[in-house]
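Below is one structure, written out as structure tokens, with a few remarks after it.
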Amino acid sequence: MFRNKELPLWKVFVIRLGVMLLLLAISRWLLFLFNTGNFPGLGIGEQFILFFIGMRFDIWTLIIANLPLLVFYGIPLEFKYNKYYCKTIDILFVITNISSITLNIIDVIYYRYIDKRMTSELFGFMQHTDDNQGGLMKQFLIDFWFMAVVFSVFLLIIIILTRKTRVKPVRIQNRKYWYSTRSLIFLGLVAASIIGLRGGLQNKPISIITAANYTKTQNIPLVLNTPFTIGRGSSGEVLKRICFYDDDEIDSLYSPIRNDLTINRFIDKNAKDYNVFIIILESHGQEMVKFYNERRETTLTPFLDSLLSNSLSFNGMANGRQSIEAVTSILSGLPSLMSKDYVESRYAANRLDGIGSILKKHGYSTAFFHGGNNGTMNFDASALSAGFDSYFGRNEYANDADYDGIWGISDMPFLQYTAHKVNEMKRPFAAGVFTLSSHHPFKLPKGYELPEGDYKTDFEKTVRYTDDAMRRFFETMSNYSWFDSTIFVIVGDHVNPEHRFDNYLNGYGQYQIVTAFYAPSIIKPLNTNILAQQTDIGISLLAALGYNDTVFTFGRNVFDSLQEPCFTSYLNNIYQYSDGKYMLQSDGRNITAVFDIENDPCLTHNLYENADYETWKELDNKFKMRLQQYTNRMINNKLYIK
């Protein structure tokens, strides 16, 4: 089976490139085969169509990965038939092609956490210097060992392919004829490669957004391959100025500079000098919480359900799909509308004032808590830039007996530590805490006895554990004098990585998170079902506290009934904007879809297919105003109040 076989060069080209194109397509399609539950309603016919359409993008990867083959075997020179030269090219062929396939294989699992193909965030993650990387990679290899088997199968096939298609030496008799014909063939290869990289002869080369022409937003990862999104996605990090509206009119149409902090609902009395405590729950999408998701037979979150029943709750929406995006949205009012999260983008040095900065002007002491290894996801830097002066992580906790071996200190002991530390803070205070135990690899601490229940996965067990930790956390805080004069915000960072219900497998449900304000002495308990995004939290807290500072935020004050609901997000190069009734999807210039989220939460009926632009012009204008302000202010470093 492994014996070498020599073939004419043209056959080597045809067989190797043909087989590798098929292997790339299969490795791309593994994302569907291992995550079928994330693509409900995708029929066999459409599966075949998407599989073959994706080959247009696979060809791009094929050419990039096989540049050594195309160039070094294509050049019209005799020495390319040298034994050692051929062996070097064969080795490069194996390395470059298995590397491309490996990226697709990695994304089979990584997709479960971000609902898209990777772009350059993988390399940003690998550049982190915290202690998580080694443990995480080891744990991933243990949990997903079967992907190593898949990798080995692909590697074996490529090695066999290489050995079965060795280049057969030739004896050149008419050198003039040979050089002239091979030169023309080489030029033909160059031309064909350029066409392949462009994706055809159309005016514009294919890009990530091209995939949106073929399928729904949630199915775009099935059309694209990971090397393509990494290669083409990196170019999106440099924002380009937007000019939908003139500079002298845009601020009068929509401005993120706000000074209208009015209260006309939900609050019974003045909350001046109340403390603020923002609790960010890891991977707590509405799907996991019975208070929101009544289709759940049993509850994983009995305490949280009770807490939400006594809170002012909203139909919460995350502005991003990753934890690193959530902190900036919640604390600084900035949504995630770039291909790279703000903290790791080229714009991270911009000035960005958060709620901590504003509250310090009113005499608040500030601190942020996260049990993870210090530096994880740049949470410490994000909190500091938002005005939280003190940061408490694993280093400050200083007791690795409670270390989970991967991320940091388990929720139960760390939340107790947080409560005690907050009790030592000067009042009034503004504090934030971010849980971590319901993050992969979903490990329960030793000695914890899980209550009896119908747990489908390890993730569900950690959700139950975090709920227990929250119960004890509130029990401890309730004994402190400041508890009754504190506004608590309970918010998810992003949705859960596992899904059991179809209505959470689309561009709407994939952003629905827990969002509530708890302060029974002043805020009326009510399930409003009103849309509220993460960027709404900061300005709403300032309004509740009675401060009328000029604030920079892309959120709105939920305590003011005159301010319309709004939600923005960005995924797979598609923007989403909602006014609470309709959800618009856009490529940044043109509407691609509109859905009625009140009556069609699964986004099955695209209203834009049967309507003209004028019908949705107002909704599109609201989106474009925000996109222009976001983009141009990001470029010009104008994300703050001068």
Side-chain angles (χ1 to χ4, degrees), residues 1-29 51-104 153-201 205-206 225-228 231-232:
M1 181 174 70
F2 291 98
R3 292 176 61 184
N4 296 348
K5 186 174 182 179
E6 294 183 341
L7 299 171
L9 183 55
W10 70 269
K11 284 189 176 181
V12 172
F13 271 118
V14 171
I15 295 174
R16 286 193 182 183
L17 294 179
V19 173
M20 283 312 309
L21 179 59
L22 181 60
L23 292 179
L24 282 168
I26 292 172
S27 67
R28 163 175 55 86
W29 203 249
F51 177 83
F52 287 107
I53 284 175
M55 285 187 172
R56 186 184 185 193
F57 302 88
D58 295 336
I59 288 173
W60 185 94
T61 299
L62 179 76
I63 294 171
I64 295 296
N66 288 281
L67 281 176
L69 179 78
L70 294 167
V71 174
F72 297 136
Y73 270 155
I75 54 176
L77 298 172
E78 289 183 56
F79 65 76
K80 67 184 179 182
Y81 295 106
N82 177 274
K83 175 182 177 181
Y84 297 105
Y85 182 86
C86 291
K87 186 171 288 187
T88 300
I89 297 174
D90 289 348
I91 292 172
L92 287 174
F93 174 80
V94 173
I95 292 173
T96 56
N97 281 284
I98 193 60
S99 297
S100 298
I101 285 175
T102 298
L103 290 173
N104 278 341
V153 171
F154 277 102
L155 178 60
L156 180 62
I157 293 173
I158 294 173
I159 291 173
I160 294 173
L161 172 66
T162 306
R163 302 196 65 167
K164 288 289 187 179
T165 56
R166 301 284 195 191
V167 174
K168 184 178 182 179
V170 298
R171 182 175 296 177
I172 302 173
Q173 295 179 341
N174 186 333
R175 292 183 181 277
K176 185 177 180 180
Y177 174 80
W178 188 89
Y179 276 107
S180 60
T181 55
R182 270 43 181 191
S183 295
L184 290 173
I185 291 172
F186 181 63
L187 290 175
L189 277 175
V190 172
S193 297
I194 292 173
I195 294 172
L197 290 172
R198 296 186 80 261
L201 297 173
I206 56 173
N225 63 81
T226 306
F228 180 86
R232 297 289 288 159

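Contact between P68 and I89 at its shortest, heavy atoms only, is O-CG2, 4.3 Å. Nearest heavy atoms, F57 versus I53: CD1-O, 4.0 Å. The two residues R163 and R166 make their nearest non-hydrogen contact at O-CG, 3.6 Å. S100 and L24 get closest at one heavy-atom pair: CB-CD2, 4.0 Å. Closest of all the heavy-atom pairs between P227 and W60 is O-CZ3, 3.7 Å.
Taking CG from L62 and CG from L22, the interatomic distance works out to 11.0 Å, rounded to the nearest 0.5 Å. In this structure, CD1 in I59 is found 10.5 Å from CG in L17, a value given to the nearest 0.5 Å. Summarising the geometry, atom CG belonging to N82 is positioned 10.5 Å from atom NZ belonging to K87; distances are rounded to the nearest 0.5 Å. To the nearest 0.5 Å, atom CH2 of residue W10 and atom CD1 of residue I185 are 11.5 Å apart. The CD1 atom of I158 sits 6.5 Å away from atom CZ of F93, with the distance rounded to the nearest 0.5 Å. In this structure, CD1 on I63 lies 4.5 Å from CG on L197, to the nearest 0.5 angstrom.
By the 4.5 Å heavy-atom criterion applied to side chains, I206 and F228 are counted as neighbours. In this structure, F13 and L69 have side chains that are in contact, with non-hydrogen atoms separated by less than 4.5 Å.
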Item to complete: Go through I101 and M20 one step at a time and tell me if the side chain to side chain contact (heavy atoms under 4.5 Å, CB included) criterion holds.
Response: CA-CA 10 Å; I101 285 175; M20 283 312 309; 3.8 Å; yes
Discussion item. For a side chain to side chain contact (heavy atoms under 4.5 Å, CB included) check, start with the C-alpha distance between V94 and L155, then their side-chain angles and the critical distance, and finish with the verdict.
Written reply: CA-CA 8 Å; V94 173; L155 178 60; 4.1 Å; yes
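When N66, N97, T162, D90 are each tested for a side chain to side chain donor-acceptor pair (under 3.5 Å) with R16, only one passes: D90. Applying the side chain to side chain donor-acceptor pair (under 3.5 Å) test between R28 and each of T226, D58, N225, N104 identifies D58 as the sole match.
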